[in-house]
There are 2 protein chains.
Amino acid sequence: MDQMEGACGLLLNQKDAIALDQELMTSPGFSVDQLMELAGLSVACAVATAFPREKYEARPSVLLVCGPGNNGGDGLVAARHLYHFGYEAHVIYPKPNVKEQLFANLRTQLEQLSVPVEAALPDSLDRYCAVVDAIFGFSFSGAVRAPFDDIIRRLSSSGSPPVLSVDIPSGWDVEKGPPTEGPALQPGLLISLTAPKMCAAHFKGRHFLGGRFVPPGILEKYRLKLPEYPGVSQVVELPS
Amino acid sequence: MDQMEGACGLLLNQKDAIALDQELMTSPGFSVDQLMELAGLSVACAVATAFPREKYEARPSVLLVCGPGNNGGDGLVAARHLYHFGYEAHVIYPKPNVKEQLFANLRTQLEQLSVPVEAALPDSLDRYCAVVDAIFGFSFSGAVRAPFDDIIRRLSSSGSPPVLSVDIPSGWDVEKGPPTEGPALQPGLLISLTAPKMCAAHFKGRHFLGGRFVPPGILEKYRLKLPEYPGVSQVVELPS
């Protein structure tokens, strides 16, 4: 599939998104722990920018739905930072990664903050000011399986609080965008990590960029032109 | 030695500072990569708060002097974030940690940004708006050995740019404060990480706190009362 230009230079196709991620871990030698920490922090900062704590009378509640892979890990990290930012975080994590120590640790870190980590979406989503969709990321392809199909259906319904998707709206094709069959999530907010992927061309809403750690060699190689992040911010809003 | 009250509750003695750090890595299961990433980010945010980039006509230069241990690692991470914040970072790292992969990676990450990492302090420090002292941390005890003795002497002289010390002003006793013999570094700025240590009672200058990740159980155990961090900030200034 041909690549397209976006606000940040070339929009990444799936192959390049995977290669760029791999390259961050080999040439600059970032560990997954480091990258996930910074990515999750970016996600929490985007939530706090879009849903400022001071706008709510009580501690605002955020629901984070975390998938089985690294996108879910970004959500687990974001939940921790949201707690420290003064939000009530509630994590849904139906298919925990039980193979890697990092994921076990991220869960323990949430337990220590008494952030609930549960398997099923609550019956009502009314109490949440926002839902973070950290279900599937740039490696996703194929069909959405249970229980995520039902979850995505619920988050796609008109009764759902605003959804902020992490990197890829879950269920979307990384390149072609929303699915042509079945429920299509239409998040009101998106945070692209490191750089927007091709599917972002189909997104209409508030668009953030996070992952302020891409070295110039990688920007050049993937023909990215990232906007300047303001001050010490871990997140920048892109023109819509 | 008896403990004292500070702006953040009890000031940590050396034994407790070491135990708290160990506890962060065991009970919430933080990895060194995660903690160092967040600590180094806090340090970079403190530098950017005290020396705002927009106050300088050209890209401001920051010198980071990194010691052989984890305090030095915080400095390496801070240098990377300062680069991304629009500063020119210059790292002095005379005794690199060659045993641990993380430290090799942190150096590679700086190389990818063309941030110079050198062994000796430059002849003149005039071009730097600030120096980050990331030489020794809360594990330090005893005498300062070469080449850090000379470096500390240079940073203690009246010709040095303002110094921001990371966690402990280097050469200070973690509990008793400045050394009674030899050159005593008197940094104008200090960033305490997780919570201030006892020596901070002897510090007069701008005092920041970073490391926004301490869970409530640990706060309680060590009788800490940390101030509220503003917004999504990774750093908070303490009353002086």
Side-chain angles (χ1 to χ4, degrees), chain A residues 23-38 40-42 44-49 52-54 77 80-87 101-115 211-219 226 228-235, chain B residues 23-38 40-42 44-49 52-54 77 80-87 101-115 211-219 226 228-235:
Chain A
E23 196 151 337
L24 284 168
M25 291 190 272
T26 45
S27 41
F30 281 106
S31 67
V32 184
D33 301 40
Q34 278 182 294
L35 292 179
M36 203 171 272
E37 194 60 40
L38 294 174
L41 177 60
S42 298
C45 290
V47 171
T49 305
R53 193 188 146 190
E54 58 274 17
V77 172
R80 170 161 43 81
H81 287 290
L82 282 169
Y83 167 92
H84 286 293
F85 294 167
Y87 292 77
Q101 188 60 43
L102 170 60
F103 286 81
N105 289 350
L106 295 178
R107 284 192 71 163
T108 311
Q109 287 155 30
L110 291 173
E111 275 163 29
Q112 298 259 334
L113 305 176
S114 308
V115 169
R212 192 177 183 175
F213 47 67
V214 189
I218 290 185
L219 293 181
L226 304 189
E228 213 172 311
Y229 285 77
V232 302
S233 179
Q234 293 300 307
V235 81
Chain B
E23 197 152 337
L24 283 168
M25 290 190 273
T26 45
S27 41
F30 282 105
S31 67
V32 184
D33 301 40
Q34 278 181 293
L35 293 179
M36 202 171 273
E37 194 60 39
L38 293 174
L41 177 58
S42 297
C45 291
V47 171
T49 306
R53 190 187 146 191
E54 57 274 17
V77 171
R80 170 161 43 81
H81 287 290
L82 281 170
Y83 167 92
H84 287 294
F85 293 168
Y87 292 77
Q101 188 60 41
L102 170 60
F103 285 82
N105 289 350
L106 295 178
R107 285 193 69 164
T108 311
Q109 287 156 29
L110 291 173
E111 276 163 27
Q112 298 258 332
L113 305 175
S114 308
V115 169
R212 192 177 183 176
F213 48 67
V214 188
I218 290 186
L219 293 181
L226 303 189
E228 213 172 310
Y229 285 77
V232 302
S233 180
Q234 294 299 307
V235 82

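The analysis underlying the following values was restricted to heavy atoms, covering all of them including side chains, and did not include hydrogens, waters or symmetry mates. A, B, ... follow the sequence lines: proteins, then strands. Residue 1 opens every chain.
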Per-residue contact mode, [X] against chain B (heavy atom under 4.5 angstrom):
X: F85(A); value: both
X: F30(A); value: both
X: T49(A); value: neither
X: Q234(A); value: side chain

For [X], is it the side chain, the backbone, both, or neither that has a heavy atom closer than 4.5 Å to a heavy atom of chain A?
X: L110(B); value: neither
X: L41(B); value: side chain
X: E111(B); value: neither
X: Q101(B); value: neither

(message) Checking Q109(A) against Q34(B): is there a side-chain donor and acceptor pair closer than 3.5 Å?
(response) yes

Minimum-distance pair of heavy atoms, taken over all atoms of [X] and [Y]:
X: L82(A); Y: A44(A); value: CD2-O, 3.7 Å
X: Y87(A); Y: V47(A); value: OH-O, 4.4 Å
X: G211(B); Y: S42(B); value: N-OG, 3.0 Å

(request) Could you have a look at G217(A), A48(A), P216(A), S114(A) and say which one has the most heavy-atom pairs with chain B under 4.5 angstrom? (result) P216(A)

(request) Select, from N105(A), I218(A), L113(A), the one with the greatest count of heavy-atom pairs under 4.5 Å involving chain B. (result) N105(A)

(request) Would you confirm whether R212(A), through its side chain, and S233(A), through its main-chain N or O, come within 3.5 Å as a donor-acceptor pair? (result) yes

(message) For a 4.5 angstrom cut-off between non-hydrogen side-chain atoms, does T108(B) reach S27(A)?
(response) no

(request) Only counting residues at least two apart or in another chain, list the ones meeting side chain to side chain contact (heavy atoms under 4.5 Å, CB included) with V77(A). (result) M36(A), E37(A), R80(A), H81(A), L106(A)

